[in-house]
Engineer: 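Below you will find the structure I want to go over with you.
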2 protein chains.
Amino acid sequence: MASTITDVAKLAGVSAQTVSRTINTPELVSKKTLDKVQRAIHALDYHPNLTARLLVNNKVRSIGLFMPFSSDQVKQSLFFSTLSAAICQFCSQNNLIMQMFTSMSREDSSRLFVKLFKERQVGGLILTCPSVSNEELIHLLSEKIPFIIVGRPGILTAQIPYVDVDNVKAGSIAIEHLIKFGHRRIGFLNGPSNMTLSTDLREGVTAISRTLPELEMMESETNLTLECGYIEALKLLRSERRPTAIFTADDLLAVGVKKAADELNLRIPEDLSIISGVQNGWGLILPFKLTHVDTQFEKLGDIAAQHMARHILNEEPINLSKLLEVRLVEGQSCGSVL
Amino acid sequence: MASTITDVAKLAGVSAQTVSRTINTPELVSKKTLDKVQRAIHALDYHPNLTARLLVNNKVRSIGLFMPFSSDQVKQSLFFSTLSAAICQFCSQNNLIMQMFTSMSREDSSRLFVKLFKERQVGGLILTCPSVSNEELIHLLSEKIPFIIVGRPGILTAQIPYVDVDNVKAGSIAIEHLIKFGHRRIGFLNGPSNMTLSTDLREGVTAISRTLPELEMMESETNLTLECGYIEALKLLRSERRPTAIFTADDLLAVGVKKAADELNLRIPEDLSIISGVQNGWGLILPFKLTHVDTQFEKLGDIAAQHMARHILNEEPINLSKLLEVRLVEGQSCGSVL
DNA sequence: CTGAAAGCGCTTACAG
DNA sequence: CTGAAAGCGCTTACAG
């Protein structure tokens with residue numbers, strides 16, 4: 001059996017609360033007693049029971065991260081591992097506990113979240129969009145569960161705490177960049193229609209294309225997998241009105257485009273320019289530097305964790321900047337139209 | 001304030017332990033009381049405080065996973081995200097809590113592990129090799145901390161619980177496959193020398209090469225990154241005695257080899273055969289199916305989690321099969337020597 | 001600076 | 001089938 005505070009107290013010849021003070025507020029204990037108690041702690045290899053401390057303090061020190069492992073996209077994406085790594089590092093640095101959850105089925109996971117919070121297993125949750133449905137979000141709001149979403153939710157963006165990359169801006173600057181190179185027929189491999197990522201990118205693209213009537217955008221929906229990017233790119237590149245440039249929602253899709261271009265013997269950037277939205281990590285694999293929008297998405301985890309941490313520790317919340325700035329990073333995958 | 005068991009008891013007009021029974025052993029409660037209590041639970045939106053339950057039951061339901069996020073290799077590798085996904089899924093399915101940790105500095109993390117266990121924050125730990133040093137392992141053993149390592153540790157393999165892929169076998173069957181195709185000069189991009197992965201692969205390779213004196217193996221050490229694979233492959237392929245095939249420790253290295261081959265205008269498999277050890281996920285990106293050794297490494301997380309779960313739940317441990325079987329998966333990246 | 005008392009929210013025997 | 005009592009390991013006021 002592990003030794004308890006009482007064991008230490010007996011051995012040191014003091015009361016339990018003196019032992020407690022030695023650990024929590026040593027400045028209130030005399031040097032002599034401190035020494036005695038510490039000796040006893042050492043001798044018994046005493047470690048205070050965290051569960052008991054949490055109970056009496058009525059505190060929770062855990063942040064829950066919900067991961068949608070059921071979808072294939074997650075397995076291929078480095079986005080989620082980057083996110084969890086950032087949250088884990090933040091928690092380890094700030095003496096918080098990071099718990100990871102996933103759902104077995106496609107059922108209502110908001111019930112799980114409510115349970116986790118109300119049973120005091122977690123003090124708050126970090127969720128990802130769009131793995132939580134709008135109904136679930138409303139449920140969480142009505143139950144007053146503390147949470148933050150990584151990725152813009154589909155509804156109530158004013159009332160729901162979230163952080164996201166500025167995808168609208170990302171869409172705009174990507175297309176602007178291509179236009180500058182003279183491209184007027186541009187393919188657009190977007191994400192799935194149920195993601196706000198896709199809506200936002202399209203909004204950014206449209207904002208620019210509206211100003212340039214001769215611009216021809218050819219948008220395809222993908223599920224953000226390599227395979228799908230490859231197939232949709234092939235379709236675009238084989239069409240009669242072959243685009244001279246393709247804008248992809250992320251770099252995994254860009255790799256798919258490259259694969260299709262190779263197959264059709266199209267050189268990059270001479271025959272085809274490629275520009276990517278989020279750089280998730282796969283782009284590194286390409287034999288050229290991929291021109292892309294730096295979204296600093298690796299900061300999302302840190303911001304989300306910090307937000308939840310303030311909540312859990314009862315510190316006053318700081319202004320949550322909902323959108324991260326983006327900027328263009330020029331690589332070698334874009335060129336002028338010949 | 002959240003309602004407690006006493007609140008429910010009062011409202012239902014019963015004692016607290018009847019409420020407790022309603023939740024934990026409803027078969028011992030009369031239908032009538034059951035109904036009354038459940039109504040009160042519902043009315044008060046009562047959720048039993050997990051911390052209090054754990055304290056009185058003297059139980060821990062958490063498995064800790066230690067991730068070496070400090071190293072670059074982790075960020076590029078899909079191995080760790082696959083591992084954490086598997087463990088997370090197992091825990092969610094078995095009503096266990098998965099906690100993720102990382103270390104800030106390169107200091108002694110075994111102290112952290114001892115603390116986590118003795119303060120009863122976790123019931124056991126899943127570690128990865130080689131992120132835990134031999135000294136730390138010995139420390140953990142001497143402190144009797146329950147743990148399991150994913151990956152073969154460098155020492156005391158008989159006494160330390162671990163699961164790993166059968167890398168010796170993987171090395172052997174990869175080389176055998178190349179020999180069958182007539183290759184006699186083979187490059188070998190191994191992992192870093194401090195990993196048992198590398199030792200094991202080499203052992204498997206050597207076991208075969210010993211039987212065939214004319215075989216010329218050219219081994220290079222890499223840090224398992226794309227960049228390093230590319231550079232080492234370039235060296236090999238530019239050398240006077242250019243190998244006709246390259247065996248890489250994992251598929252990220254294989255992608256590096258492909259990049260180098262492209263640069264030198266070497267066709268695969270006509271001019272160069274490639275075979276990869278572990279298929280981590282990056283291989284998917286190649287324009288051909290990569291011949292590789294299927295190590296089923298995605299099972300490692302599940303096995304490790306199951307092992308720790310049995311320990312935590314005080315079930316008798318089942319025989320831990322330390323090595324997973326491997327088998328060759330033929331792709332399109334290997335061919336006969338011309 | 002230190003200790004006796006009370007309590008955090010729950011469950012486990014023990015009676016009845 | 002149900003309740004009174006005791007206790008899990010700790011900390012927080014309250015005295016002294």
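Only this structure's heavy atoms are used, side chains among them; waters, hydrogens and symmetry mates stay out. Chain letters run A, B, ... following the sequence lines, proteins first and then strands; every chain starts at 1.
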Engineer: Dot-bracket notation for DNA chain C is requested: 5' to 3', Watson-Crick or G-U wobble pairs only, both distances under 3.5 Å, with ( ), [ ], | and . as defined.
Structural biologist: |||.||||||||.|||
Engineer: Specify the separation, in whole Å, of atom CG of N24(B) and atom P of dT11(C).
Structural biologist: 5 Å
Engineer: Would you mind reading off the distance between R21(A) atom CZ and dT12(D) atom P, rounded to a whole angstrom?
Structural biologist: 10 Å
Engineer: Can you tell me if N57(B) touches the phosphate of dC8(D), counting only side-chain N or O atoms and a distance under 4.0 Å to OP1 or OP2?
Structural biologist: no
Engineer: Would you indicate what N49(B) reaches in the nucleic acid, counting non-hydrogen atoms under 4.0 angstrom: base, sugar-phosphate, or nothing?
Structural biologist: sugar-phosphate
Engineer: Is the closest side-chain donor-acceptor distance between S15(B) and T18(B) under 3.5 Å?
Structural biologist: yes
Engineer: What is the distance, to the nearest angstrom, from the CG atom on L44(B) to the C1' atom on dG9(C)?
Structural biologist: 15 Å
Engineer: Determine the sole option in K115(B), K118(B), Q121(B) for which the side-chain contact (heavy atoms from CB on, under 4.5 Å) test with L50(A) is passed.
Structural biologist: Q121(B)
Engineer: Calculate the interatomic distance between Y46(A) atom OH and dG9(D) atom C1'; express it in whole Å.
Structural biologist: 7 Å
Engineer: On DNA chain D, nearest-nucleotide positions of V14(B) versus A52(B): which is more 5'?
Structural biologist: V14(B)
Engineer: Expressed in angstrom and rounded to an integer, what is the separation of Q17(B) atom CD from dA4(D) atom C1'?
Structural biologist: 7 Å
Engineer: Please determine whether a side-chain nitrogen or oxygen atom of R53(B) lies at a distance below 4.0 Å from atom OP1 or OP2 of dT11(C).
Structural biologist: yes
Engineer: Between dC8(D), dG3(C), dT11(D), which nucleotide has the shortest distance from any of its atoms to the side chain of I5(A)?
Structural biologist: dT11(D)
Engineer: Will you find, in the side chains of T22(A) and Q38(A), an N or O donor that is under 3.5 Å from an N or O acceptor?
Structural biologist: no
Engineer: If you compare every side-chain N and O of S15(A) against the phosphate oxygens of dG3(C) (OP1, OP2), does one of them come in below 4.0 Å?
Structural biologist: yes
Engineer: At less than 4.0 Å, is any side-chain N or O atom of T4(A) found next to OP1 or OP2 of dG9(D)? Yes or no.
Structural biologist: no
Engineer: Starting at atom CG of L28(B), determine the distance to atom C1' of dG3(D), rounded to an integer number of angstrom.
Structural biologist: 14 Å
Engineer: Assess the side chains of Q99(B) and S62(B): does a donor N or O sit below 3.5 Å from an acceptor N or O?
Structural biologist: yes
Engineer: Nearest-Å distance, CG (L54(A)) to P (dT11(D))?
Structural biologist: 10 Å
Engineer: Does this structure show an ion pair linking R39(A) with D35(A), if we count only N-O contacts that are shorter than 4.0 Å?
Structural biologist: yes
Engineer: Would you say N49(A) and T4(A) make side-chain contact, with heavy atoms under 4.5 Å?
Structural biologist: no
Engineer: Donor-acceptor pair under 3.5 Å: do we get one between R120(A)'s side chain and the base of dG9(C)?
Structural biologist: no
Engineer: At 4.0 Å (heavy atoms only), tell me whether V19(B) reaches a base, stays on the sugar-phosphate, or touches nothing.
Structural biologist: nothing
Engineer: Give the ring-plane orientation class for F113(A) versus F66(A), where under 30° counts as parallel, over 60° as perpendicular and anything between as tilted.
Structural biologist: perpendicular
Engineer: What is the distance from CD1 of I41(B) to P of dC10(C), rounded to the nearest Å?
Structural biologist: 10 Å
Engineer: Quick check on DNA chain C: between S3(B) and T18(A), whose nearest nucleotide comes earlier from the 5' end?
Structural biologist: T18(A)
Engineer: Are more than 12 heavy atoms from other residues, nucleotides or ligands located less than 6.0 Å from atom NZ of K322(B)?
Structural biologist: yes
